[in-house]
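Worksheet: one structure, shown below.
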Amino acid sequence: MARIKQGVFSWEDVLAQRYQNNKPPTLPRRRYSIQTQRTDTRTLWTPQPQSTLLTKLSPELRLMIWELLLGGMRIHIVQRANRQMGHVVCPQTGACDVCRGGLPGMKEVDGGRLLALARTCKQIYTESITLLYTLNTFEFSNTWSLTYLRPTIPSDFWDAIRAVELRWAFPGHWLPCKDPVKTVYFSAGRQQWVETCRAVTSMQGLQSFTLQLSGSWFCEPVEKIPVFLEPLRELQLRRGWKLQLPRQPYYVKEIRNIDGGLRKRGIECAVRVM
Ligand SMILES: [Zn+2]
């Protein structure tokens, strides 16, 4: 439980309070805790002999259909009003508001279309729900949406996610501070960044991770990058992960130094400038 100080003392305090106040409600823990797993009724169903879909089609064929319906998407996780989380399926056409750094229109935020299949009945839910998490890329453009999503889904779904793209901006990074390292942490919301990294490194099924540092962070000295990425050192993926820096001439020139500095610290990522 995060400690909230009384009163506001700094920009960091402002961010911390906003972060805490906007957090979505957590799932009721007792339904999904290890102790009650045996009585988890999510996956208990009774046979439906009247359903030709479930009786005539083999499980393999059904699985193929569920995969076609639920896989291969890029899903933007966004924050909605009233501390609710939502998602936008990216059209991947270049005309996506979220991809271009904007906010999605109310119509674009999907209230539940992705879950429509799983909601049909408990058997289809059991057969299909995990595919939604394993077969898609989850993209987090809103700075805090990754840690906000975490407590709103059962932990086994969180662990089923394989591909994540995270865009991180550094609001107020220009705020002056005598300690140059602290400047980065203060401005980014250190607590939020560390929590986000912890949420990423705890994803048991993660196979692909891309961190895109957005333009508002441009021209931070290269030596700060490994310091900032330190909380991701534990992220050991079989094929490494990707770091995308803003397309600044400075970074283009220094890309080898950045790469070398990260490797020296044991941070296993491929750096590119986009
Ligand atoms: Zn998009």
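The figures here come from the full heavy-atom set of this structure, side chains too, leaving out hydrogens, waters and symmetry mates.
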Which pair of heavy atoms, one from [X] and one from [Y], lies closest together, and at what distance?
| X | Y | result |
| --- | --- | --- |
| Ile255 | Val271 | CD1-O, 3.7 Å |
| Leu243 | Cys269 | CB-SG, 4.0 Å |
| Leu206 | Leu237 | O-CD2, 3.4 Å |
| Asn21 | Arg83 | O-CD, 3.1 Å |
| Thr147 | Ala199 | CG2-CB, 4.3 Å |
| Ser155 | Arg150 | CB-NH2, 3.6 Å |

Looking just at side-chain N and O atoms, do Thr46 and Gln48 make a donor-acceptor pair shorter than 3.5 Å? no
Could you check Leu70 against Ser128 for side chain to side chain contact (heavy atoms under 4.5 Å, CB included), going step by step and ending with a plain yes or no? CA-CA 8 Å; Leu70 296 176; Ser128 69; 3.8 Å; yes
Tell me, do [X] and [Y] make a side-chain contact under 4.5 Å, heavy atoms counted?
| X | Y | value |
| --- | --- | --- |
| Leu211 | Trp168 | yes |
| Gln123 | Ser51 | no |
| Val273 | Gln244 | no |
| Leu232 | Trp193 | yes |
| Leu54 | Arg62 | yes |
| Met274 | Gln212 | no |
| Leu117 | Ile129 | no |

From [atom1] ([X]) to [atom2] ([Y]), nearest 0.5 Å:
| X | Y | atom1 | atom2 | value |
| --- | --- | --- | --- | --- |
| Tyr19 | Lys23 | OH | NZ | 4.5 Å |
| Leu262 | Asp259 | CG | CG | 6.5 Å |
| Thr137 | Phe209 | OG1 | CZ | 12.5 Å |
| Ile153 | Ile77 | CD1 | CD1 | 8.0 Å |
| Arg167 | Leu146 | CZ | CG | 14.0 Å |
| Ile124 | Lys122 | CD1 | NZ | 14.0 Å |

Any salt bridge between [X] and [Y], counting N to O under 4.0 Å?
| X | Y | result |
| --- | --- | --- |
| Glu268 | Arg263 | yes |
| Glu165 | Arg74 | yes |
| Asp97 | Arg100 | yes |

Can you list the steps and then say if Glu139 with Ser141 is a side chain to side chain donor-acceptor pair (under 3.5 Å)? CA-CA 6 Å; Glu139 200 272 350; Ser141 298; 2.7 Å; yes
Hey, is the main chain of [Y] close enough, under 3.5 Å, to the side chain of [X] for a donor-acceptor pair?
| X | Y | answer |
| --- | --- | --- |
| Arg80 | Gly86 | no |
| Asp159 | Gly205 | no |
| Asn136 | Ile75 | no |

List for me each residue that meets ring pair (Phe, Tyr, Trp, His ring centres under 6.0 Å) alongside Trp158, sequence neighbours excluded, and say none if there are none.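 Ring pair (Phe, Tyr, Trp, His ring centres under 6.0 Å) check on Trp158 returns nothing, list empty.
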In terms of the angle between their ring planes, are Phe157 and Tyr133 parallel, tilted or perpendicular, with boundaries placed at 30° and 60°? parallel
Please check if Leu68 and Leu63 belong to a single hydrophobic cluster, counting links between Ile, Leu, Val, Met, Phe, Trp and Tyr side chain heavy atoms closer than 4.5 Å.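 In one cluster: no.
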When the ring centroid of Tyr148 is compared with that of Phe140, is the distance short of 6.0 Å? no
Between Thr210 and Leu166, does a side chain to side chain contact (heavy atoms under 4.5 Å, CB included) hold up when you go through it step by step? CA-CA 6 Å; Thr210 303; Leu166 171 67; over 6 Å; no
Just wondering, more than 12 heavy atoms not from Lys242 lying within 6.0 Å of its NZ?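 Atom NZ in Lys242 is not packed in, count stays at 12 or less.
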For Thr130, give me all partners under side chain to side chain contact (heavy atoms under 4.5 Å, CB included), at least two apart in sequence or on another chain.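 Side chain to side chain contact (heavy atoms under 4.5 Å, CB included) list for Thr130, sorted by chain: Thr134, Ala160.
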Mind running side chain to side chain contact (heavy atoms under 4.5 Å, CB included) on Trp241 and Ile267 for me, showing each step along the way? CA-CA 9 Å; Trp241 56 275; Ile267 300 166; 3.6 Å; yes
Full working for side chain to side chain contact (heavy atoms under 4.5 Å, CB included) between Arg119 and Tyr125: CA-CA 6 Å; Arg119 281 179 176 151; Tyr125 173 91; over 6 Å; no
So the salt bridge (Lys or Arg N to Asp or Glu O under 4.0 Å) pairs with at least one residue in residues 231-241 (sequence neighbours excluded) are Glu230-Arg233
